[in-house]
Amino acid sequence: MAIVAAAPDAISEAATLLRAGHLVAFPTETVYGLGADATNGHAVASIFATKGRPQFNPLIVHVADVSVAERLAYFTDGARRIAQAFWPGPVTLVLKRRPESPLSDLVSAGLDSVALRMPDHTVARSLLVAAGVPLAAPSANRSGHVSPTLAQHVDNDLGDSVAMVLDGGPTSHGIESTIIDASSERHVMLRAGSVPGLVIEQTLGIKLVRSLQAEGARPTASGQLASHYAPRAKVRLNVTHDFAAGEAVLAFGPFEELRHRAVTGPFVNLSPGGELVEAAANLFAALRKLDATGATSIAVTPIPGQGLGEAINDRLIRAAAPR
Ligand code: TXA
Ligand code: MG
């Protein structure tokens, strides 16, 4: 696979590849996405094949601006307010598809809804404008693995099956977008993400219904699969003592002191200063780094659950889920 610096020439080449039905990985403010022309069913299908996804989960469709989004789906008043406040940015809206929408049915996995997002990243937006089509783009990792926050992660996971990776350096948020189903009066948070639920609630004076742990039901967001975002090593949560010999440790803030005191294995602190934004940005790269040491177990110290901590803990609970 070609990893190419995201200069203007490379972006127009990537747009040409996308319009011809090829896959291109590109940076967004959250994680790297594996992009395909969302109106081309064959291209969308090759996303599933490339990721090795066990089933056809619906995919997020990325758009260059709100007017494109309005042509693809019906915006409720609530959806319009969320988009006004948070687009461009890492909030994805699930809305009812317009029947005349040119999107492939596969992006919705047969549902009558579609997930739309307008990314806040210069490369992603230039690419969307150059391609002139909406782009379906799940995170550019092997299915079930941690999401990529560097171009190199995409290469490690997907190798030659991707035509091109646009390298825009490390992603700034490091955790995926928050997904809100705004297709009805009830606003349901389907996936915690880069924008904390509380921030959306306080900005708009609305109440979000949390449906993150919906069990039994067919998952509608890949984050709802119990085991997901999983490294190879087994993950143990909320560990503060009794680390196994050689066990890797993923720490946060004050647990820096464990580095030399209690830990014999590899050690990464997501944010020595205890900042949740920094921790989210470092999360997936840290899991990959600890996994790459060959440690068979990763112990995670407690991480506060408020604000962005909600999404961080959600990802870690899934990484620790039985597989
Ligand atoms: O930050 C992000 O959102 C990244 C970057 C690349 O933009 N994308 C991403 O896509 O995380 P993906 O496919 O890994 O996760 C999106 C999830 C899917 O698992 C899917 O189940 C859910 O959004 N989704 C898509 N369409 C949906 C729909 N119509 N109803 C409910 N959930 C939907
Ligand atoms: Mg993903």
Side-chain angles (χ1 to χ4, degrees), residues 23-36 38 44 47-48 50-63 72-73 86-97 101 103-121 123-125 127-128 134-149 153-154 157-158 165-166 168 171-184 188-195 211-212 214 217-225 227-230 280-281 284 311 314-315 318-319:
L23 303 185
V24 170
F26 62 94
T28 77
E29 75 278 34
T30 58
V31 301
Y32 276 74
L34 179 60
V44 174
I47 288 180
F48 294 100
T50 300
K51 284 186 57 113
R53 276 212 175 168
Q55 69 202 75
F56 288 159
N57 297 321
L59 303 173
I60 294 178
V61 173
H62 297 64
V63 294
L72 301 175
F86 295 100
W87 282 11
V91 174
T92 294
L93 291 171
V94 172
L95 299 169
K96 204 166 169 341
R97 277 172 72 125
S101 138
L103 296 174
S104 104
D105 289 327
L106 198 50
V107 290
S108 298
L111 303 170
D112 63 0
S113 58
V114 63
L116 297 174
R117 136 163 164 77
M118 178 178 170
D120 184 17
H121 190 287
V123 174
R125 294 183 68 188
L127 182 64
L128 283 162
L135 297 178
S139 51
N141 52 275
R142 194 161 36 72
S143 180
H145 199 205
V146 283
S147 297
T149 56
H153 294 159
V154 181
D157 260 29
L158 301 179
V165 186
L166 285 172
T171 60
S172 56
H173 291 269
I175 208 160
E176 297 88 345
S177 60
T178 305
I179 303 181
I180 309 288
D181 183 340
S183 60
S184 75
V188 184
M189 184 158 86
L190 298 175
R191 179 173 78 182
S194 278
V195 178
S211 109
L212 305 175
R218 174 163 171 253
T220 49
S222 70
Q224 288 181 266
L225 296 171
S227 166
H228 198 70
Y229 307 105
F284 291 130
D314 172 77
R315 302 300 186 273
R318 288 170 211 288

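Whatever order the structure lists ligands and atoms in, that order sets their numbers, starting from 1. Along the sequence shown, residues are numbered consecutively beginning with 1.
Assignment of Arg191 to the shell around ligand 1 is supported, since a heavy atom sits closer than 4.0 Å. Ligand 1 lies nowhere less than 4.0 angstrom from a heavy atom belonging to Pro90. Heavy atoms of Ser108 come nearer than 4.0 angstrom to ligand 1 in no pair at all. Within the structure, the closest approach of His173 to ligand 1 does not fall below 4.0 Å when heavy atoms are considered.
Of all the heavy atoms of Asp181, none lies under 4.0 Å from any atom of ligand 1, so neither backbone nor side chain is involved. For Val107, no heavy-atom contact with ligand 1 is shorter than 4.0 Å.
Atom CZ in Arg315 sits 4.5 Å away from atom CD1 in Ile175 (nearest 0.5 Å).
When the heavy-atom distances from atom 8 (N) of ligand 1 to Ser143, Ala137, Gly193 are ranked, the shortest goes to Ala137.
Listed by number with element, the atoms of ligand 1 under 4.0 angstrom from any heavy atom of Glu176 are 1 (O), 2 (C), 11 (O). Heavy-atom contacts of Ser113 reach the following atoms of ligand 1: 28 (C), 29 (N), 30 (N) (cutoff under 4.0 Å). Proximity to Val114 (heavy-atom distance under 4.0 Å) selects the following atoms of ligand 1: 29 (N). Every atom of ligand 1 is numbered from 1 in the order shown, and the set under 4.0 Å from a heavy atom of Leu59 is 25 (C), 26 (N). Remark: ligand 1 atoms within the under-4.0 Å shell around heavy atoms of Gly33 are 6 (C).
Taking the side-chain hydrogen bond (donor to acceptor under 3.5 Å, both in side chains) definition, one finds that Ser101 meets it with nothing, sequence neighbours left out. Not counting sequence neighbours, Arg125 has no partner by the salt bridge (charged side-chain N to carboxylate O under 4.0 Å, His left out) test.
Tyr32 places a side-chain N or O within 3.5 Å of a backbone atom of Gly168 that can act as its donor or acceptor partner. Distance alone, capped at 3.5 Å, is enough to place a donor-acceptor pair between the Asp157 side chain and the Arg142 backbone. At least one donor-acceptor pair under 3.5 Å links the side chain of Lys51 to the backbone N or O of Ser139. In this structure a side-chain-to-backbone donor-acceptor pair under 3.5 Å is missing from Thr178 to Val91.
Polar contact check, Lys51 against ligand 1: no nitrogen or oxygen pair lies under 3.5 Å apart. Polar contact check, His62 against ligand 1: a nitrogen or oxygen pair lies under 3.5 Å apart.
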Verdict with supporting geometry, Thr92 and Arg191, side-chain hydrogen bond (donor to acceptor under 3.5 Å, both in side chains): CA-CA 9 Å; Thr92 294; Arg191 179 173 78 182; 5.2 Å; no
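The Mg ion (ligand 2) does not have Asn141 among its coordinating residues (no N/O/S atom, backbone or side chain, under 2.8 Å).
Between Leu23 and Ile47, the closest side-chain pair of non-hydrogen atoms falls below 4.5 Å.
Side-chain N/O atoms of Ser147 and Glu176 include a donor and acceptor closer than 3.5 Å.
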